[in-house]
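Written out below as structure tokens is the structure these notes cover.
Keep in mind the model is a prediction, meaning the values are calculated, not measured.
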Amino acid sequence: MRRPLLAGNWKMNKTPTEARVWFAEFLEANPGYAGGAQTAVEVAILPSFPLLPIAAEQLAGSSVRYGGQDVSAHDWGAYTGEVAAAQLADLGSTYVIVGHSERREYWSESSELVAAKAAKAMENGLVPILCVGEKLEVREAGRAVAFTLEQLEASLTGINLATGEELVVAYEPVWAIGTGKTASAADAEEMAAAIRGFIRSRYGEEVASNIRILYGGSMKPTNTAEIMAGENVDGGLVGGASLKVDSFSQMIASV
Ligand code: 13P
């Protein structure tokens, strides 16, 4: 059985002071996560890099996981502004987002670069949360599934999966991010099923049945249960609604 995962992508938000308060308030509001025992819903927070040492300190001993929003495809060296997978791992990260549509769009990241980042993350024991998803014009042209599977295939170039637990896929339709528009539960499930089918054809049944597929794009307390009801939707990658302890806690409770 796949364990549901709700991952909060904080994007470029919060000072270290605000992050410290969020973590403390979250563990107070969700005491089941404080003691480190396995919970029904896995929770992870992906804050910006300077907040990771705060996460490491505040979340120590809890079952809340954390990680970065991006990672370099290189090991080490003269790459100003980049962050190495080994640095994220040494800080106790579990996950790292790769290929978020904001990085693909504003930093022109190609799927090949995304695949190299995912590979580097895995080499360092991190679980990449690999994002894929179409823009509105692609959906309107009826090509959402075909486009997203092509993007996924290219973003998995050279990636070998043995169990399906080494990587998470997040389907984030670009038109639903930060816009208040969500894909319908049926559209999210259709895409998640197509992604699982692709994974099955490429990596076999075991990987396909273990790999977790998240939905992302304007998820909030009122739509979480419905979106996650889809048999192939294993959780969410949550932007805006993860910034407040209240709304994020409500989402966890509704799963
Ligand atoms: P919103 O939940 O703010 O729409 O953001 C989704 C997202 O991009 C998560 O990675």
Side-chain angles (χ1 to χ4, degrees), residues 2 5 7 9 44 46 49 65-91 93-135 138 143-174 191-216 232 234-235 237:
R2 297 182 297 269
L5 169 63
N9 173 9
L46 298 317
F49 296 128
R65 304 292 176 230
Y66 55 89
Q69 296 171 8
D70 187 27
V71 66
S72 176
H74 302 284
D75 283 315
W76 297 108
Y79 301 102
T80 301
E82 290 275 90
V83 171
Q87 293 172 319
L88 297 179
D90 188 71
L91 279 165
S93 301
T94 302
Y95 295 103
V96 63
I97 298 174
V98 295
H100 192 281
S101 63
E102 287 151 15
R103 303 241 25 120
R104 292 180 187 264
E105 180 79 9
Y106 308 144
W107 285 272
S108 306
E109 290 195 5
S110 67
S111 290
E112 290 66 30
L113 176 61
V114 171
K117 290 181 170 191
K120 194 55 70 185
M122 287 169 62
E123 259 176 52
N124 286 274
L126 301 171
V127 175
I129 299 177
L130 169 57
C131 301
V132 290
E134 82 287 353
K135 292 187 183 170
V138 174
R143 293 201 66 252
V145 172
F147 172 90
T148 301
L149 295 186
E150 280 161 29
Q151 193 182 48
L152 179 63
E153 180 167 27
S155 304
L156 287 170
T157 303
I159 303 277
N160 185 37
L161 300 178
T163 68
E165 280 159 12
E166 314 95 316
L167 184 132
V168 172
V169 178
Y171 167 57
E172 298 208 308
V174 177
M191 188 67 79
I195 289 171
R196 199 174 305 285
F198 170 79
I199 295 287
R200 183 176 295 112
S201 69
R202 175 150 166 186
Y203 297 105
E205 184 54 43
E206 189 195 340
V207 171
S209 63
N210 286 333
I211 198 165
R212 288 182 293 181
I213 301 170
L214 312 183
Y215 167 81
N232 287 288
D234 304 313
L237 186 54

Measure the spacing between [atom1] of [X] and [atom2] of [Y] and express it to the nearest 0.5 Å.
{"X": "Arg65", "Y": "Leu46", "atom1": "CZ", "atom2": "CG", "result": "13.5 Å"}
{"X": "Lys120", "Y": "Asp75", "atom1": "NZ", "atom2": "CG", "result": "3.5 Å"}
{"X": "Phe198", "Y": "Leu149", "atom1": "CZ", "atom2": "CG", "result": "7.0 Å"}
{"X": "Phe49", "Y": "Leu91", "atom1": "CZ", "atom2": "CG", "result": "10.5 Å"}
{"X": "Met191", "Y": "Tyr215", "atom1": "CE", "atom2": "OH", "result": "10.5 Å"}
{"X": "Met122", "Y": "Ile159", "atom1": "CE", "atom2": "CD1", "result": "5.5 Å"}

Under 4.5 Å between any side-chain heavy atoms of Val98 and Val71, yes or no?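 Touching, per the 4.5 Å side-chain cut-off.
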Less than 4.5 Å apart, any side-chain heavy atom of Tyr66 and any of Ser93?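 They are in side-chain contact.
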Check: [X] side chain, [Y] main-chain N or O, donor-acceptor pair, under 3.5 Å:
{"X": "Arg2", "Y": "Ser209", "answer": "yes"}
{"X": "Gln69", "Y": "Asn9", "answer": "no"}
{"X": "Arg104", "Y": "Cys131", "answer": "yes"}
{"X": "Tyr79", "Y": "Ala84", "answer": "no"}
{"X": "Arg196", "Y": "Asn232", "answer": "yes"}
{"X": "Glu166", "Y": "Gly164", "answer": "yes"}

Please name the residue in the list Ile199, Val207, Ile129, Leu156 that meets the side-chain contact (heavy atoms from CB on, under 4.5 Å) test with Leu167.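 Only one option passes, and that is Leu156.
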I need the single residue from Val96, Leu214, Ile97, Leu152 that forms a side-chain contact (heavy atoms from CB on, under 4.5 Å) with Leu130. Which is it?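 It is Leu152, the one option of Val96, Leu214, Ile97, Leu152 that forms the side-chain contact (heavy atoms from CB on, under 4.5 Å) with Leu130.
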Report the C-alpha distance between Glu134 and Gln151 in whole Å, list the side-chain angles of each, state the deciding distance to 0.1 Å, and finish with yes or no for side chain to side chain contact (heavy atoms under 4.5 Å, CB included). CA-CA 9 Å; Glu134 82 287 353; Gln151 193 182 48; over 6 Å; no
Before you tell me yes or no, could you show the steps for Asn124 and Leu88 under side chain to side chain contact (heavy atoms under 4.5 Å, CB included), namely the whole-Å CA-CA distance, both residues' side-chain angles and the distance that decides it to 0.1 Å? CA-CA 9 Å; Asn124 286 274; Leu88 297 179; over 6 Å; no
Derivation and outcome, side chain to side chain contact (heavy atoms under 4.5 Å, CB included), residues Trp76 and Gln87: CA-CA 10 Å; Trp76 297 108; Gln87 293 172 319; 3.6 Å; yes
Pair Glu82 + Lys117: basic N to acidic O under 4.0 Å: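 No, no charged N to carboxylate O under 4.0 Å.
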